[in-house]
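Input: a single structure, listed below in structure tokens.
Below, all heavy atoms of this structure are taken into account, side chains as well, without hydrogens, waters or symmetry copies. Residue numbers begin at 1 in each chain, while the letters A, B, ... track the order of the sequences.
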There are 2 protein chains.
Amino acid sequence: MSVQSVERALDVLEALAEHGGEAGLSEIAARTGLPNGTIHRLLRTLLARGYVRQESDRRYALGGGLVRLGGVAGGMVGTWARPYLAQLVELSGETANLAVLEGDFVVYVAQVLSPRRLRMFAEVGRRVLPHSTAVGKVLLAGRPPAEAKAVFERTGMPRRTPNTIVDQSAMLAELDAVQARGYALDLGEEELGVHCLAVPVRDGDRVVAAMSVSGPAERIDGLDRDELAEGMRKIALGFGGEFGPVPAGH
Amino acid sequence: MSVQSVERALDVLEALAEHGGEAGLSEIAARTGLPNGTIHRLLRTLLARGYVRQESDRRYALGGGLVRLGGVAGGMVGTWARPYLAQLVELSGETANLAVLEGDFVVYVAQVLSPRRLRMFAEVGRRVLPHSTAVGKVLLAGRPPAEAKAVFERTGMPRRTPNTIVDQSAMLAELDAVQARGYALDLGEEELGVHCLAVPVRDGDRVVAAMSVSGPAERIDGLDRDELAEGMRKIALGFGGEFGPVPAGH
DNA sequence: AATTCATTTTCCATCAGGTGGAAAAGAGGA
DNA sequence: TCCTCTTTTCCACCTGATGGAAAATGAATT
């Protein structure tokens, strides 16, 4: 039904990715449970095609070929997202965005503009720091606290407006709250007068992206947050279903 | 020596990428020369793992899983580049950058700072328009003129300084010159007083990235451009060799 | 509706090719 | 140098991938 060696090659790539993109053969063996000989053969195949690199210390790392494929695939995610973002616009009347985490940055992947005259727009492709945005908070809330902490250490949480949360422990508490309530707010923390509400897009139980609506403070504050978040959650659920693997191919 | 079914799965993914990320089963068959049954089985495997999607019209597209792997791999490119960028710094005494083209933007992927007191720095991850930077010119000079032209149409080539080239035909001529001489200059076109020199990073004959050195106008202008460019070319060649698949593992 | 054609999906007998245990080679460390 | 841990190679076994051909699907045409 499914090609075993291909599945295993994917296991190897995923194991590498989970080790931060770099690992020794035996670390991969430990993680995948496959015998050394098998892993070595798969790695050689991936190596010959440029999807894996071998460092001078014989460790293996993800290769440049994946950057190319990922780039093409990334362009398409925006396309699939558009209908869902359009639903968000219909629901809220405000501009809707899809964002993912890339390294320490939040990257806006797709956008559908609000029909209103006064509307937000952030160019697609823009990179912002996670701590001052609703999408960033949602994305980090979906990862282990240690990882979020590391991001804050590296980025330094610079102040963007008087409302920006610049204290690390306050932010970690905020992430807990975000996880508990299922959505995040940005009340002029990135730009004064601009408020946002973001919800996670899940693939299984993994947070793979965030969807947000954003607009002028007065309009966003006029909406019922919990009701809006609930509607957004449903839309994000639909999109999440499309994002990853099919539920459970039997 | 190499796992056949894994190689074929990669052929399928590459065929999809070359079709713009989306194709029907028979289009993939035409491109790879594999029988339908085989391709279908491989696609099912990739589908189950989220590396391929199936659209409602039964066509196949690259899936979200590749975005995740590509993101991790992309982060590593910066790591591999650092030793080469350090060589550039040693050669020129100025800050060195690695940049790639992503959509209509130039993205800085990695940087090694100059040891000088007065030095350039552009945050890694920053996006700038191609027309006002040396790296942007190099990257666009490596693509078909029609594509470069389309980028200029969409971005509008806004003026950043009095030196910015804002005329499209002048810029297209500049790109020809860049391609002929093998390097590009930025003489205060993005920021007054900052000059840069950039060379292409090639994987085979494809321009996949650009490396640059940049610093205060007086210091950069004091260097012998052709000599510097020649040294940079050699370093970029070394890095280009690491970037893609190995030449020909027999 | 009924027919045709193109494309996708399923099936199954065959044997190519992947598998994994075990041995050899290599890299550090004491 | 010797010892230990990791990576790499090897090969007999037999699982599991293969691909041709038939069935199913769906879109277009009469």
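- Here A:Arg8 lies in heavy-atom contact (under 4.0 Å) with sugar-phosphate atoms only.
- Side-chain N/O atoms of A:Arg41 and base N/O atoms of C:dG20 include a donor-acceptor pair closer than 3.5 Å.
- The CG atom of A:Leu13 lies 9.0 Å from the CG atom of A:Leu42; values are rounded to the nearest 0.5 Å.
- From B:Glu90, atom CD reaches atom CD of B:Gln87 across 7.5 Å, with rounding to the nearest 0.5 Å.
- Regarding B:Glu55, its CD atom lies at a distance of 18 Å from the P atom of C:dT7, rounded to whole Å.
- Neither OP1 nor OP2 of D:dT6 sits under 4.0 Å from any side-chain N or O of A:Arg58.
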Self-check item: Candidate pair A:Arg202 and A:Leu237, rule side-chain contact (heavy atoms from CB on, under 4.5 Å), full reasoning
Solution: CA-CA 7 Å; A:Arg202 292 173 194 279; A:Leu237 194 67; over 6 Å; no
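- Between the CG atom of B:Asn36 and the P atom of D:dT18 there is a distance of 14 Å, rounded to whole Å.
- OP1 or OP2 of D:dT18 lies within a sub-4.0 Å distance of a side-chain N or O belonging to B:Gln4.
- For the side chain to side chain contact (heavy atoms under 4.5 Å, CB included) with A:Val6, the qualifying choice from B:Leu10, B:Val12, B:Thr45 is B:Thr45, the only one to do so.
- Here B:Ser5 lies in heavy-atom contact (under 4.0 Å) with sugar-phosphate atoms only.
- The distance between atom CZ of A:Arg44 and atom P of C:dG17, rounded to the nearest whole Å, is 18 Å.
- Atom-to-atom, CG of B:Leu42 to C1' of C:dT8 comes out at 15 Å; the value is rounded to the nearest Å.
- Aromatic ring orientation, B:Phe239 versus B:Tyr84: tilted (interplanar angle from 30° to 60°).
- A:Ala229 and A:Val199 make their closest contact through O-CG1, 4.1 Å (heavy atoms, listed as atom of the first residue, atom of the second, distance).
- Across all strands, B:Glu7 comes closer than 4.0 Å to no nucleic acid atom at all (heavy-atom distances).
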Practice problem: In sequence, state the C-alpha distance, the side-chain angles, and the governing distance for B:Arg59 and B:Glu27, and then conclude on salt bridge (Lys or Arg N to Asp or Glu O under 4.0 Å). | Solution: CA-CA 10 Å; B:Arg59 288 165 66 78; B:Glu27 292 172 286; 3.0 Å; yes
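- Contact annotation: A:His40 does not reach the phosphate of D:dT7 (side-chain N/O to OP1 or OP2, under 4.0 Å).
- Atoms CG (B:Asp57) and P (C:dT7) sit 13 Å apart, rounded to a whole Å.
- The stretch residues 23-30 of chain B has no heavy atom under 4.0 Å from DNA chain D, so no residue of it qualifies as close.
- In this structure, the CG atom of B:Asp11 is 17 Å from the P atom of D:dA17, given to the nearest Å.
- One can place CD1 of A:Ile39 at 10 Å from P of D:dT7, the figure rounded to the nearest angstrom.
- Atom CD of A:Gln54 and atom P of C:dA27 are 11 Å apart (whole Å).
- Comparing A:Arg59 and B:Leu34 by the nucleotide of DNA chain D whose heavy atom lies nearest to each, the residue mapping closer to the 5' end is A:Arg59.
- A distance-only check finds a donor-acceptor pair linking the side chain of A:Thr95 to the backbone of A:Ser114 [under 3.5 Å].
- When the side-chain nitrogen and oxygen atoms of A:Tyr60 are compared with OP1 and OP2 of D:dT8, one or more of them lie within a distance under 4.0 Å.
- Here B:Thr38 reaches the OP1 or OP2 of D:dG19: one of its side-chain N or O atoms lies under 4.0 Å away.
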